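Hydrogens, waters and symmetry mates are skipped; everything else that's a heavy atom, side chains included, is used. This one's a predicted model, so the numbers in the text were calculated from it and none came from an experiment.
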Amino acid sequence: LNSDIQSRKEHAMVEHRTLSSSSRLLLLAYSLLWTGLPPFLLLSKRLRPSLQKRLWTRLKPNRADLWIQAASTGEAGLAREMLDNWPASGTVRALVTTNTLQGLEVLQNHSFPEHVRIQADLCPRDSLWAMRRVVKACRPRVAVLLETELWPGMMRACQREKVPIMLLNGRLSSRSLARYLCLDRLWSDLAPNQVHAVTEEDAARFRRLFPRAQVGTMPNMKFDRARSSSPIPFVHNTLSGLIKAQSQFVVLGSVRKQEESHVAPVIERLAQDNPKAIIAVFPRHLNRLDFWKEWFESRNLPWELRSRLNDHVPQGTIILWDRFGELEQAYALARAAFVGGTLAPLGGQNFLEPLNQGVIPCIGPFWPSFSWAGHSLVEQNLVKVIHTADELTVSLTADLRHPPNRDKVHQRFQEFVQARSGGTQQAINAVLQAL
């Protein structure tokens, strides 16, 4: 069996060395786009901060055994989980790149084990030329992509230097597959050597997109992230100086632009019906702060920026969160929570985080990116799905006044993830075997 696997690996790598003429032209056009598009992309307030650094700072990596591309915050968390659990039998040198400043914070503000030597940086533009410089400089033995992030420039640069490519914790929706299949020859040529998908459905879609790759399944690593963390005690919570114990504190987390028109009236109703409540609004993207400031002012609602708070917040205050990295601590203090990205067809955001802090979250009807976990959680009444702004207001108000027992919620959630854990170790074992 091992001989057959090795033969298939070598055969796949030989096939990947040669691109079809159509794939060459597409890759050239794609790389040229990275030259012409940046001035237009910089018009976006959301993209501008990280793009400025990505486009004009040349990454100069050190030698690395492993290159992990973690596109944003969620993927950076998965990369951190892998490296935290890396076996101490030997030192590993890892280059971890990300596309966002928030993802970079996740990596740079973390203490990794001593045997993990990590260089974390923003990923350069995904052109053939920029990626080739990175690969030649760090000379990785294995390259890892996480979830659904497929980067043609990086993949081709690795193939040219005979660096095996692995896609871990892979997810691929039917809609994404349909888009990728418009360029099926290109993706067939760029196929990673191995794909480890989180469900059989995802694996089937990857097999269709990458017919030459080895495709299997693995438990979702996000279950391990939930299992490895625990509720933050009040005395250790960095926000306990702002939110008093037993406050009627509600968190509206990861709110996206497309659902603001649904969430805004909920905030107004909550403030009217619960005058003692403290409402925390976490925009998913900080470029939306101006919208919320103007909206609060137009409704004469009492609000404060998180960055201006240094003492306990008065009852009846709305906090507009303008500081990154404190959502988990906020969930740990909340009586009620809503997780955004779910009231509009945006894929959803991570609603495992409030559960791990003992809070049953409300979500909207749109969460295909978390269908691998959500259906079972909904059936066990650990997640509440709402469909209208009125439903959300009623549900959050009920939890504010009579919150479920936090310890019991956390215990039930841990029993749920315990039966689904092991993905991180499987991912590590796959990378070690490739190394």
Side-chain angles (χ1 to χ4, degrees), residues 41-54 71-74 76 98-106 108-109 122 238-239 241-243 249-271 277-314 316-331 333-334 336-344 346-351 353-354 361-364 389 392-393 396:
L41 295 175
L42 290 172
L43 295 175
S44 167
K45 291 183 180 179
R46 181 171 70 86
L47 298 176
R48 189 182 303 148
S50 57
L51 265 177
Q52 284 178 321
K53 292 190 176 183
R54 286 182 64 197
S72 191
T73 311
T98 181
N99 297 352
T100 66
L101 295 175
Q102 292 90 344
L104 191 59
E105 283 186 38
V106 169
Q108 291 184 335
N109 297 338
L122 288 171
T238 57
L239 302 181
L242 304 180
I243 310 298
F249 185 48
V250 57
V251 173
L252 304 169
S254 302
V255 178
R256 301 280 294 273
K257 175 182 177 181
Q258 295 88 334
E259 58 190 354
E260 289 169 349
S261 61
H262 301 289
V263 175
V266 172
I267 296 171
E268 190 170 23
R269 278 275 309 277
L270 282 173
I278 299 172
I279 304 170
V281 182
F282 284 75
R284 174 62 178 170
H285 301 118
L286 296 184
N287 66 299
R288 299 304 300 165
L289 291 172
D290 288 341
F291 164 82
W292 286 109
K293 292 175 185 178
E294 293 175 7
W295 192 83
F296 294 146
E297 292 293 339
S298 70
R299 296 300 192 278
N300 293 317
L301 293 170
W303 68 279
E304 289 286 350
L305 282 175
R306 158 65 184 98
S307 59
R308 295 177 183 170
L309 298 174
N310 298 305
D311 204 350
H312 285 127
V313 179
T317 302
I318 299 171
I319 307 173
L320 179 56
W321 228 273
D322 60 343
R323 185 174 292 177
F324 179 76
E326 295 182 335
L327 183 55
E328 185 178 25
Q329 292 94 319
Y331 283 139
L333 298 174
F338 164 72
V339 179
T342 57
L343 282 175
L346 301 165
Q349 299 295 150
N350 189 357
F351 47 77
E353 290 180 343
C362 295
I363 62 174
L392 180 57
T393 304
L396 292 175

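Between W292 and I267, some side-chain heavy-atom pair lies under the 4.5 Å cut-off. Taking 4.5 Å as the limit, some side-chain heavy atom of V339 sits within range of a side-chain heavy atom of P354. Within the 4.5 Å cutoff, no side-chain heavy atoms of L101 are placed close to those of F324. Using a 4.5 Å cut-off on side-chain heavy atoms (C-beta onward), L301 and W295 make contact. Under the 4.5 Å side-chain criterion, counting only non-hydrogen atoms from C-beta, I278 is not in contact with L242. Residues L320 and P283 form a side-chain contact, since some pair of their non-hydrogen atoms from C-beta on lies under 4.5 Å apart. At a threshold of 4.5 Å between non-hydrogen side-chain atoms, the residues E304 and V313 do not count as touching.
Using the six-membered ring where Trp is involved, F249 and W321 have ring planes that are tilted, between 30° and 60° apart.
Judged purely by atom type and a 3.5 angstrom limit, D322 has no side-chain atom pairing as donor or acceptor with the backbone of L305. Side-chain atoms of T98 never come within 3.5 Å of backbone atoms of L122 as a donor-acceptor pair (strictly under, hydrogens ignored).
Residue I279 comes nearest to A271 through the heavy atom pair CD1-N, 3.8 Å, listed as atom of the first residue, atom of the second, then distance. A389 and H262 get closest at one heavy-atom pair: CB-O, 3.7 Å. The minimum heavy-atom distance linking L396 with A336 is given by the pair O-CB, 3.7 Å. Taking each heavy atom of Y331 and F338 in turn, the nearest pair found is OH-O, 4.2 Å. Between T342 and G348, the closest heavy-atom pair is CG2-CA, 3.9 Å.
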| field | Criterion side chain to side chain contact (heavy atoms under 4.5 Å, CB included) on R306 and L239, from CA distance to verdict | value | CA-CA 10 Å; R306 158 65 184 98; L239 302 181; 4.0 Å; yes
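Taking CG from N109 and CG from L104, the interatomic distance works out to 8.5 Å, rounded to the nearest 0.5 Å. Note that CD of E297 and CD of E294 are 9.5 Å apart. Values are rounded to the nearest 0.5 Å. Separation of atoms CD (E105) and OG1 (T100) is listed at 9.0 Å; rounding is to 0.5 Å.
Residue pairs meeting the salt bridge (Lys or Arg N to Asp or Glu O under 4.0 Å) criterion with at least one partner in residues 253-268, sequence neighbours excluded, are E260-R288, E268-R299.
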